[in-house]
Trainee: 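Pasting a structure below so you can have a look.
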2 protein chains.
Amino acid sequence: MTTAGHSQRATISDVAKHAGVSIATVSRVINQTAPVASETAERVYNAVAELDYTPHAAARGLASNKTNTLGLLLPMIGGSYFSPMLRGIEKAVSQNGMALLIYSMQTDVHQSARLNLPLGGHNSDGLLVFTNSLSDADLQRMYKRNFPLVLLHQTPPANLNIPSVTVENKAGSRKLVEHLIEVHGCRRIGFLAGPEEHEDSKWRQMGYLEALTAHNIPFNPELVANGGFNENDARSAVEQWLLKGMELDAIFAGDDDAATGVITALKRAGKRIPQDIAVVGFDDLPLSRHLSPPLTTVRAPIEQVGQEAANQLIRLIRTGQATSLVILPTELIIRQSCGCGSSSS
Amino acid sequence: MTTAGHSQRATISDVAKHAGVSIATVSRVINQTAPVASETAERVYNAVAELDYTPHAAARGLASNKTNTLGLLLPMIGGSYFSPMLRGIEKAVSQNGMALLIYSMQTDVHQSARLNLPLGGHNSDGLLVFTNSLSDADLQRMYKRNFPLVLLHQTPPANLNIPSVTVENKAGSRKLVEHLIEVHGCRRIGFLAGPEEHEDSKWRQMGYLEALTAHNIPFNPELVANGGFNENDARSAVEQWLLKGMELDAIFAGDDDAATGVITALKRAGKRIPQDIAVVGFDDLPLSRHLSPPLTTVRAPIEQVGQEAANQLIRLIRTGQATSLVILPTELIIRQSCGCGSSSS
DNA sequence: ACAGGTCATGTAAGCGCTTACATACTATAC
DNA sequence: GTATAGTATGTAAGCGCTTACATGACCTGT
């Protein structure tokens with residue numbers, strides 16, 4: 001066991017006293033907010049070093065009404081998806097000398113903790129909101145207050161003009177499915193949707209539909225199931241299909257996490273990929289190229305989404321302006337799980 | 001484009017006025033810090049709801065000298081490793097009604113931003129410090145100040161009694177290598193070390209050494225290279241070996257990220273796994289079972305490490321006490337990349 | 001030599017809370 | 001009925017900063 005307890009640290013007045021100046025001067029040299037004689041500044045710097053002084057963030061925040069911090073709201077941290085997104089966000093955040101405060105909206109924190117954990121903002125200068133982590137009502141509330149907000153993978157609810165950053169889902173999905181149809185002659189292509197209300201999923205499904213329509217393949221609702229954008233749900237969904245004796249020549253798993261579940265289920269059932277059934281995903285996670293067979297998918301620039309969103313938010317905070325909608329392009333990544341021959345990148 | 005700009009929000013005095021009480025009373029009902037007549041409390045709650053009041057975190061922090069926030073220091077966010085760790089941390093943090101502030105120590109932020117981005121603490125009640133994200137000097141500085149600290153995957157520098165949470169590396173590594181030796185008859189086993197100063201790596205290497213010694217296999221320094229605990233470094237390391245015509249019958253990649261690089265390099269060179277060369281990793285990341293062949297590895301309870309560390313830190317903050325050293329057990333996970341037959345979990 | 005600038009620095013008023021202390025009121029005991 | 005002890009609420013002093021404003025020193029031009 002070990003013990004600890006706070007001890008008092010140097011404040012700005014300690015530094016001022018030590019350097020023989022006023023606290024205003026100390027503040028000025030630290031923030032470089034007004035010219036200070038270089039000799040004076042020197043004394044202040046020395047005092048800072050000697051006392052090992054660090055400004056008190058809360059005091060600063062209270063006085064200046066800025067926290068220099070971005071908040072990130074996540075539905076819950078999980079899946080392979082967040083790692084690259086976080087990296088992108090972190091990049092933008094630290095390049096701008098800000099900090100990152102993360103909340104994941106667990107189960108039911110909403111109600112109870114509202115007062116004690118002011119997610120409402122106020123400990124950040126703005127919020128990055130990932131799909132499904134905030135109700136429309138909450139969104140509206142914050143928007144009305146003029147609190148800087150940027151949405152990730154979600155467009156704002158009706159008539160709220162909140163900037164939003166996402167990827168080109170529909171076109172990517174369509175290209176992917178058309179590849180299956182045109183190159184591999186697939187006709188019975190299963191689609192695993194993501195969670196309800198997940199916009200990415202809706203767009204991907206539309207792309208899937210468009211591809212079918214463009215090739216005169218009638219839409220069969222039985223070929224759509226819920227894969228939840230995760231491994232387990234996808235696995236059970238495929239198991240259900242298999243149990244029902246559903247005939248399929250390809251499965252578009254919705255995303256790559258789901259695709260790993262699909263592959264597992266198929267292999268367990270003794271199906272060969274891609275000979276018996278082709279499998280494709282969406283996102284191009286780092287792991288996807290290592291699956292067996294390597295996964296054909298659509299590359300979503302996840303890290304860039306994070307970075308772009310953070311940058312937009314910072315711009316919104318600083319200048320009051322941001323681009324309403326940023327859609328980052330996706331790219332078809334052909335590997336072998338669709339039936340194509342040799343590998344690439 | 002969209003625009004925004006802060007508007008003023010309700011403060012505690014607005015609420016007090018609106019409810020016809022003093023700010024002290026409002027504070028008391030919000031924090032449940034002293035008995036208040038239920039009728040009065042009711043009025044306050046109504047006022048809070050009507051004004052959509054949220055306490056100002058900075059003001060609170062300044063007055064109470066607590067931030068209700070845990071800081072997490074990372075060397076940089078990357079690799080598949082952080083996702084589960086973060087999830088564990090987040091779990092503990094939100095279960096305790098706290099928030100999580102993340103810094104990743106990019107390249108050279110250290111010097112310059114020290115004053116403006118007070119990593120020194122002060123915007124968190126305590127810090128979770130991941131290996132290599134803080135110099136011993138910084139650690140010492142904060143320790144001297146009695147700032148609550150918990151180390152992840154790193155033991156404290158000499159005579160600083162900072163609690164630390166890590167996994168059982170040596171025993172796991174030894175079991176892994178012994179499996180290679182005893183079951184598969186390997187004698188020339190390559191080891192890919194992680195980054196310098198990474199304690200996990202040192203212990204894993206010791207486990208490797210112990211296993212060799214226990215089986216009278218002389219240690220050959222040529223069989224140790226640097227895989228950096230990441231895919232790319234590991235790939236080049238293996239390519240070097242192959243180029244030199246190094247004879248190997250197994251490679252212990254250091255961790256699973258590195259193992260994916262090893263597998264890639266080996267496959268490119270036309271080697272069969274495990275027939276020509278066995279490959280094993282460490283960590284058991286989610287992707288590892290999906291590699292081809294499925295990776296034999298050691299399961300490190302990464303999520304639990306995060307959760308345990310956060311819990312220790314919270315305990316340290318609240319009670320001043322924490323367990324000095326927590327070592328979480330690891331478990332050998334046999335799959336096929338070592339040469340074993342059929343799959344399991 | 002003096003008005004009018006500049007520049008460096010100091011003074012002090014908050015920012016929105018928490019909390020020790022003071023006060024008023026009600027209930028209990030005798 | 002008065003003293004005693006609670007209980008509910010108010011008052012006000014900070015917490016450690018930022019920043020508008022005031023001050024004083026030193027130039028410059030005439």
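Just so it is clear, the model here is predicted, and its values are computed rather than measured.
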Trainee: Measure from CZ on R28(B) to C1' on dC21(C) and round the result to the nearest Å.
Mentor: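 It works out to 11 Å between those atoms.
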
Trainee: Rounded to the nearest Å, what distance is computed from the CG atom of residue N68(B) to the P atom of nucleotide dT18(C)?
Mentor: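 About 12 Å, once rounded to whole Å.
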
Trainee: For the helix from dG5(C)-dC26(D) to dC30(C)-dG1(D), what angle lies between the axis at the first five pairs and the axis at the last five pairs, to 10 degrees?
Mentor: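 Here the helix ends are tilted 50° relative to one another.
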
Trainee: Out of dG10(D), dT18(D), dG10(C), which has the shortest distance to the side chain of V21(B)?
Mentor: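 The answer is dG10(D).
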
Trainee: Is there a residue in residues 12-20 of chain A whose heavy atoms reach under 4.0 Å of DNA chain C, and which residues are they?
Mentor: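 Correct list: G20(A).
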
Trainee: Please produce a list of atom pairs where a protein N or O lies less than 3.5 Å from an N or O of nucleotides 22-28 of chain D.
Mentor:
none

Trainee: Do R9(B) and D52(B) sit within salt-bridge range, that is, some charged N less than 4.0 Å from a carboxylate O?
Mentor: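 Between D52(B) and R9(B) there is no salt bridge, as every charged N stays at least 4.0 Å from the carboxylate O atoms.
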
Trainee: Only one of L151(B), I327(B), L152(B) passes side chain to side chain contact (heavy atoms under 4.5 Å, CB included) with S164(B); say which it is.
Mentor: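 The side chain to side chain contact (heavy atoms under 4.5 Å, CB included) with S164(B) is passed solely by L151(B) among L151(B), I327(B), L152(B).
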
Trainee: Using the side chain to side chain contact (heavy atoms under 4.5 Å, CB included) definition, which of the options N96(A), D125(A), V150(A) pairs with I317(A)?
Mentor: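 Single side chain to side chain contact (heavy atoms under 4.5 Å, CB included) partner of I317(A) among N96(A), D125(A), V150(A): D125(A).
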
Trainee: Check every atom of dG16(C), dT18(D), dT9(D) against the side chain of A59(B) and return the nucleotide holding the closest atom.
Mentor: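 From the listed options, dG16(C) comes nearest.
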
Trainee: Of the options dT9(D), dC17(C), dC17(D), whose atoms approach the side-chain atoms of H56(A) most closely?
Mentor: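 Of dT9(D), dC17(C), dC17(D), dC17(D) is nearest to the side chain of H56(A).
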
Trainee: Look at the side chain of S22(A) and decide which nucleotide, out of dC17(C), dT18(D), dT11(C), has an atom nearest to it.
Mentor: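 Closest nucleotide among those given: dT11(C).
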
Trainee: Would you say the side chain of I89(A) lies within less than 4.5 Å of the side chain of L72(A), judging by non-hydrogen atoms?
Mentor: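 Yes, close enough: below the 4.5 Å cut-off.
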
Trainee: Could you tell me which residues satisfy side chain to side chain donor-acceptor pair (under 3.5 Å) with Q140(B), sequence neighbours excluded, listed by chain and number?
Mentor: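 Counting only residues at least two positions away or on another chain, Q140(B) forms no side chain to side chain donor-acceptor pair (under 3.5 Å).
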
Trainee: Could you label the plane-to-plane angle of the H153(A) and F130(A) rings as parallel, tilted or perpendicular, counting under 30° as parallel and over 60° as perpendicular?
Mentor: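 Correct class here is tilted.
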
Trainee: Check every atom of dC17(C), dT11(C), dT18(C) against the side chain of T11(B) and return the nucleotide holding the closest atom.
Mentor: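 So the side chain of T11(B) is nearest to dC17(C).
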
Trainee: What is the distance, rounded to the nearest whole Å, between atom CD1 of I30(A) and atom P of dC17(D)?
Mentor: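 Taking atom P of dC17(D) as the reference, CD1 of I30(A) is at 8 Å.
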
Trainee: Out of dA8(D), dG16(C), dG14(C), which has the shortest distance to the side chain of L62(A)?
Mentor: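 The answer is dG16(C).
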
Trainee: Taking only residues at least two apart or on different chains, which pairs with a member in residues 18-40 of chain A satisfy salt bridge (charged side-chain N to carboxylate O under 4.0 Å, His left out)?
Mentor: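 Found E39(A)-R43(A).
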
Trainee: Measure from the side chain of A37(A), starting at C-beta and using heavy atoms only, and say which of dT19(C), dA8(C), dC15(D) lies closest.
Mentor: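 Of the options given, the side chain of A37(A) lies nearest dA8(C).
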
Trainee: Under the salt bridge (Lys or Arg N to Asp or Glu O under 4.0 Å) rule, collect the residues that match up with E199(B), sequence neighbours excluded.
Mentor: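 Salt bridge (Lys or Arg N to Asp or Glu O under 4.0 Å) list for E199(B), sorted by chain: empty.
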
Trainee: Report the nucleotide, chosen from dT9(C), dT18(C), dT19(C), that has the shortest atom-to-atom distance to any side-chain atom of I23(B).
Mentor: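 Out of dT9(C), dT18(C), dT19(C), the nucleotide with an atom closest to I23(B)'s side chain is dT18(C).
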
Trainee: Would you say that E303(A) contacts K91(A) through its side chain, given a criterion of any heavy-atom pair below 4.5 Å between the two side chains?
Mentor: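 When only atoms from C-beta onward are counted, K91(A) and E303(A) do touch, with a gap below 4.5 Å.
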
Trainee: Within the 4.5 Å heavy-atom criterion, are I162(A) and M142(A) side-chain neighbours or not?
Mentor: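 When only atoms from C-beta onward are counted, M142(A) and I162(A) do not touch, as no gap falls below 4.5 Å.
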
